[in-house]
Amino acid sequence: MTSTSTSTTLPAFLGPEVAADPYAFYRRLRAEAPVHWDQNFGGFLLSRHADVGAAYRNSVFSTQNYEVHLEPVFGRSLLQMDGSEHSRKRGLVTPHFRGKGLESWLPVIARNVNLILDRSVQNATDMLVSGFRPGKTVDLLGEFAYYLPVYVITDMLGLPHSDYDRFLGWYTAQVNFLGNLGRDPGIDALGRQATAELWEYLTPVIQERRRNPGEDLISALVTAEIDGESLDDAEVRTHITQLLNAGSETTGKTLASAVTHLLTERELFERALSDRDYLMAAVSETLRFTPPSQMNGRKVTEDVEIEGVTIPKGSVVMLLIASANRDERRFANSETFDPDRSDLDHSKAFAASGEHFAFGFGRHFCLGAMLARGELQIALNTLLDKFPDMQFADGVAPRWAGLKMRSVESLPVTL
Ligand code: HEM
């Protein structure tokens, strides 16, 4: 048994070579060093599907590491909790993101898709361009996918449209904080300030909804009660902050990545136009092939042995979703984007079945997976209906970027 992997020739996890092509690095990790200690990062990397799945299931792999990365902007959120505290608090919000609770939110999503398209027309008119309509070139990530989930969640919270842009500002500062692996102090300060402002905004709203509950998510959170347990104001604020952040960048990036894959091979786009089940299969394959959230961190609470390597108690371990999803031990032709593949059950793409790990796995499995499905389905169908001739602007496929969160940097398309 060894305490580190043996490979010394692998590039540094946080270095430029991996940033340029993380998938090439992950391929080498899976083959040469499935449990790899990275000196510069100061933690272990797990890359194979079976090992990542086992780690998600094993309570020794705790989420204590989120204290540093998330608590300053989220407060103490679900992601940090374990055991019965986690199940009790998660139970209070789960009904609103699953089954019947979710169905009532779908019309809200449909309204927002149209609103964003209308809004883009308005913006374009203001800028003396012709609007979001066939033939126009727009950045589908920056002008559509980035806005959609923030507007949806703000609408779900029952907040006025006039406050959408304030939410977008707070959200952007918080996302920058979460992506700030180098801990730039200026970015950190803006993230903390955004949270302080968001919470100052939310506190009187939460108190008002306690007095006069309505048909919105804040009212649902303040009135939720299970076995005499309910959420106090700080917990409601934390949930809202987490929902705003956890659901927005991920969903927006998934939408942009799915459209990119479809446009890269025109016949895939044409097929998605005429077969909307195929469209959702392509979304499912996008989640496997290019998951927006490429990794989840954990901290081990005891020594644990994987693939003959001992990971000592207290170590930080990165579960590499993006690598596990391309493990050739689990998926045939794993490095090929193929919505027709038979080894990924698309009907389970948004379920906690562990086929791919884009939504995590086990007790912290994404709470918003079904909501994301609804948003992606409605938004993509609307885009295809309205813009069947969509293609990359100037025929050029966009550039992929990002290590922790990854998607195309922008998505210029001619509609
Ligand atoms: C395609 C879109 C999405 C992706 C890829 C995604 C991905 C993930 C992943 C990987 C985790 C697990 C984190 C971990 O174990 O450390 C997670 C957890 C979570 N997600 Fe999502 N997410 C998406 C959309 C959403 C949406 C729309 C919401 C809600 C508005 C949401 C809310 C949450 C919450 C609350 C958790 C924490 C659950 C817990 O700790 O029990 N997510 N998500």
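In listed order, ligands and their atoms are each counted from 1. Numbering starts at 1 and runs along the sequence shown.
Ligand-side atoms of ligand 1 in range of Leu78: 39 (C), 40 (O), range being under 4.0 angstrom from any heavy atom. Per-residue contacts place Ile153 under 4.0 angstrom from the following atoms of ligand 1 (heavy atoms of the residue considered): 30 (C). Atom numbering of ligand 1 starts at 1 in the shown order; those under 4.0 Å from a heavy atom of Thr254 are 1 (C). Within the listing of ligand 1, atoms 13 (C), 14 (C), 16 (O), 37 (C), 40 (O) sit less than 4.0 angstrom from a heavy atom of Leu79.
Residue Leu367 touches ligand 1 through backbone and side chain together, judged by heavy-atom distances below 4.0 Å. By the criterion of a heavy-atom distance under 4.0 Å, neither the backbone nor the side chain of Thr63 is placed next to ligand 1. Counting heavy atoms under 4.0 Å from ligand 1, residue Ala358 touches it through the backbone alone. Heavy atoms of Leu371 found under 4.0 angstrom from ligand 1 belong exclusively to the side chain. Heavy atoms of Pro292 found under 4.0 angstrom from ligand 1 belong exclusively to the side chain.
Residue contacts with ligand 1 do not include His239, since none of its heavy atoms lies under 4.0 Å from the ligand. Using a 4.0 angstrom heavy-atom cutoff, Met81 does not count as in contact with ligand 1.
Applying the side-chain contact (heavy atoms from CB on, under 4.5 Å) test to Arg57 and every residue at least two apart in sequence or in another chain returns Ala54, Phe361. Scanning for side-chain contact (heavy atoms from CB on, under 4.5 Å) contacts around Ser284 gives Leu344, His346, Ala349, with sequence neighbours left out.
The N/O atoms of His86, backbone and side chain alike, include one that comes under 3.5 Å of an N/O atom in ligand 1.
Of the N and O atoms on the side chains of Gln174 and Thr195, at least one donor lies less than 3.5 Å from an acceptor on the other residue.
Between Phe331 and His49, the two ring planes are perpendicular [angle over 60°; tilted spans 30° to 60°]. Under the 30°/60° scheme for interplanar angles, the aromatic rings of Tyr201 and Phe167 are found to stand perpendicular.
The shortest non-hydrogen separation linking Thr286 to Thr254 is CG2-O, 4.0 Å.
By the 6.0 Å and 45° rule, Arg298 does not stack over the aromatic ring of Phe61. Seen from the ring of Tyr26, Arg326 does not count as a face-on cation partner, given the 6.0 Å and 45° thresholds.
Selection from Arg363, His356, Gln242 by nearest heavy atom to atom 37 (C) of ligand 1 gives Gln242.
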